[in-house]
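Within every chain, numbering begins at 1; the chains are lettered A, B, ... in the order of the sequence lines, protein sequences first and strands thereafter. Fair warning: this is a prediction, and the values are worked out from it, not measured in the lab.
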Amino acid sequence: MDSLSSLNPQQRTAAEHVNGPLLILAGAGSGKTRVIVQRIAHLLAEGHARPEELLAVTFTNKAAEEMRSRVQSLVGDDCSALWVSTFHALCARLLRREAPAIGFTRDFVIYDSADQLALMKQVLRELHVDDGLLQPRAALSRISNAKNTMEARSSLAESAAWSLRGEELVKIYDRYTAALREANALDFDDLLLKTVELFDTSDAVRTRYSSRFRFVMVDEYQDTNRPQYLLIQHLTARHRNLCVVGDPDQSIYKWRGADVRNILDFERDYPDAAVVQLEQNYRSTQMILDAATAVIRQNRHRTPKRLWTDRKGGARIVHFRGADELEEAAFITRTTRSVVAEGGDAVAAVLYRTNAQSRVIEDALMREGVPYRIVGGVRFYERKEVRDALAYLKLILNPLDDVSLRRIINVPARGVGKGVMDQLERLPVEHDSHDTPLLADALADEPPATSLWAKVGRAVDGRLLTTRATAALRAFRELIESLGEMAKRESLSVAISRVLDQSGYITDLREERSEEAQGRLDNLMELVSAAREFEMREPEPSLAGFVDRLSLLSDVDEEAGSRDARIWLMTMHAAKGLEFPLVVISGLEEGLFPHSRANGDDAELDEERRLCYVAMTRARSRLVLTGAARRRVFGEYQRTEPSRFLDEVPSELVDRIESPTLSGYQRADSGSGSRKGRYRSEPEHVPFSYEDEDQSVTPVRIGARVRHPTFGVGTVLSVEPLTDDLKLVVRFGVGAKTLRAKYAKLEPA
DNA sequence: GCGTGTCAGCTTTTT
DNA sequence: GCTGACACGC
């Protein structure tokens, strides 16, 4: 069904392009994925390249998998030799082969953001930087920014807006970098930087890969950063068959170092480039496209483009403003539910600016029994127990990994507490390790003596600590060594089970006999299942490969909720590249969207607006914008003003609905008078009740029978006074629940 | 050394 | 409203 003849002339030109650089400027919904897939298929079918000579780069694993499967279904042949990968996974793969060329061993570990944070905390502690003065997160963000933009390390010294002296920051940077090296670890940013360094330093490597990849394609090119740009330059140096696809209006990752100039200057980089503009939108109605266009038009510094659709007319945009976020959530529930009621396989998306917004919406959907799926922000792999398990695996693979060692040396408790750790750290560094270059150290049989692992060894062999501490450390060393041996013999999933078992982790949780512990056990079982799945899918499953995969899993690669749910929740960032018949964009309030962090910064406001454009153009037929007149932030209610983006949508395209519970002064059209358009009450729905800030809490006694909207009728087991509220434990049919009297919406039963 | 409880700080967006 | 850091008691 899908074939070249199904493409429009521009799409076809792009798909049939073979040699030389190609820039595809693809407006929202213009079918760019189809074009890339068709082009790959075309190159293969016409014999221009074998699968292993093609490289396609995306930003998420999900996008990569989808691309591979679409090529697969088009070509029919086995496409496993195709390189379809994220930037980071590509770099990890290259470095696993070539790491020694830049002074790392092949068994380096990847530090994800949690590892980075742990390492930075350690660094700040070592340098005696008061973390009140410089939060570890802030330091990391500054360093990451420097790496992503490849600014010189010395430029950190000139950070004027910094609460700490610039030279301090340089010191922190240096120590952090050194600590990564000593741990034989690379952080996310390093994966890119070190790969660029690899290509810069090794002619052999550069020749090998730039010869190999005859054709390279990069999706979402407007969101590439400097190291990614350089990496692509290296990879395409030989054949120059680079095809990039993107849309400057959809650049939304500047905060991560993305530089839209990469796409804007493509024709300067490649004067001989063919340029194709995809301007027909196949996705949205005219109504939606008009609204989105009107918003993005407000941005300064942009090249206007003519995006058009033949889906004339369409339903008007709906804007609902509730009294608070609970009303907003209730409205969203009713609206999206209609999609479920229609049957078929249509999906509605609920988009928000910040992950924190999902909670209220989830609650509302759950209360109504509407199944939903949440994309990103799920953090299965950030759960404590999963991270602990991962830390064991990382340590087995690379004993130099201090962050992982620190994490699990006393989990479960085995008598190595703070006291022992302090003494261990204070062990003098062995003599020769000081001036030996890291390369030699890392390649030597013995790990560098600076690592905690080495110190454990030294403390045990030399009996440098108390008998008790020595015994505990010896047991730990033997455990890790034997697990390491075992992991070499056993399959991946068996190895993980054994690690959990022999470390005492499972036993410890089992003995707890709490619901929480059971949940953790379930999560660990899920990790083992993930390993089993990995074994079946990968041609050569290895522990290192599995750990890499987990480290490089992006947020949007993770999902939770019912698999077949037809309501999807995600951030607007996560929605990039997707489309839905119905899209709800929530939280259209000043300070939330556009986010307050962008306030007063025109460039950042432009980026928020592009994000709004991305979100709006996800909609095929219906677009609903929602907000609330007040919203709880950190538990406190705050009044909000409607988002400026609402003003930017022509009022004749919008049906406005206001909650009947909004009081006069909260109404948007009574104040400045700037907001036009008629408001009407939402038809066919009952006004909501919600509690006021100053509402007193109804007294509840132990033994009272109460009714809860979700859990039904129950008995109050305990009452505990809090400031302004009561904490209740109530036994329902489904079990005991802890509730706050103020929010639980209990009625006497 | 370990487990529990309290309090503060926190939230953009993500590879 | 949740998480992590620290303080306290055993």
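- Counting to the nearest Å, the P atom of C/dC8 and the NZ atom of A/K418 are 15 Å from each other.
- Nucleotide B/dT14 holds its P atom 11 Å from the CE atom of A/M570, rounded to whole Å.
- With A/F108 as the aromatic partner, A/R96 meets the cation-pi criteria of under 6.0 angstrom to the ring centre and within 45 degrees of the ring axis.
- Relative orientation of the A/H234 and A/F199 rings is parallel, given thresholds of 30° and 60° on the angle between their planes.
- Listed candidates were B/dT14, B/dC2, B/dG1. Nearest to the side chain of A/A413 is B/dC2.
- For A/R597, no side-chain nitrogen or oxygen approaches OP1 or OP2 of B/dT11 to under 4.0 Å.
- Remark: P of B/dT15 and CD of A/E382 are 10 Å apart, rounded to the nearest angstrom.
- Between the CD atom of A/Q250 and the C1' atom of B/dT13 there is a distance of 16 Å, rounded to whole Å.
- Each of B/dT11, B/dG3, B/dT15 was ranked by its minimum atom distance to the side chain of A/F634; first place goes to B/dT11.
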Worksheet entry | CA sep, side-chain torsions, deciding dist, call: A/D223, A/R256, salt bridge (Lys or Arg N to Asp or Glu O under 4.0 Å) | CA-CA 9 Å; A/D223 281 325; A/R256 215 168 72 190; over 6 Å; no
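- Comparing C/dG4 with B/dT13, their P atoms are spaced 16 Å from each other, to the whole Å.
- In the set B/dT11, B/dT15, B/dT14, the nucleotide with an atom closest to the side chain of A/T60 is B/dT15.
- Of all nucleotides listed (B/dT14, B/dT11, B/dG3), B/dT11 comes nearest to the side chain of A/A356.
- Separating the CG atom of A/D363 from the C1' atom of C/dC2 is a distance of 13 Å, rounded to the nearest angstrom.
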Practice prompt. In sequence, state the C-alpha distance, the side-chain angles, and the governing distance for A/R302 and A/R610, and then conclude on side chain to side chain contact (heavy atoms under 4.5 Å, CB included).
Written response: CA-CA 11 Å; A/R302 76 176 268 278; A/R610 287 192 295 271; over 6 Å; no
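- Contact between the side-chain N/O atoms of A/N410 and the OP1/OP2 oxygens of B/dG1 is not found at any separation under 4.0 Å.
- For A/R359 and C/dC2, the shortest distance from a side-chain N or O to OP1 or OP2 is below 4.0 Å.
- Side-chain proximity of A/K121 to B/dT15, B/dT14, C/dG4: nearest is C/dG4.
- Nearest nucleotide to the A/T571 side chain, out of B/dC2, C/dG1, B/dT14: B/dT14.
- A close approach under 4.0 Å does occur between a side-chain nitrogen or oxygen of A/N355 and OP1 or OP2 of B/dT13.
- Rounding to whole angstrom units, CZ of residue A/R632 and P of C/dG1 are separated by 5 Å.
- The side chain of A/T86 has B/dT15 as its nearest neighbour among B/dT14, B/dG1, B/dT15.
- Taking the C1' atom of each, C/dC6 and B/dT11 are spaced 23 Å apart, rounded to whole Å.
- Checking A/D187 against A/Y176 by side-chain atom types alone, a donor-acceptor pair falls below 3.5 Å.
- With distances taken from any side-chain atom of A/S554 to the nucleotides B/dG3, B/dT14, C/dG1, the minimum falls on B/dT14.
- Here the side chain of A/T640 pairs no donor or acceptor atom with the backbone of A/E589 at under 3.5 angstrom.
- The listed nucleotides are B/dG3, B/dT15, B/dT13; the one nearest the side chain of A/W255 is B/dT13.
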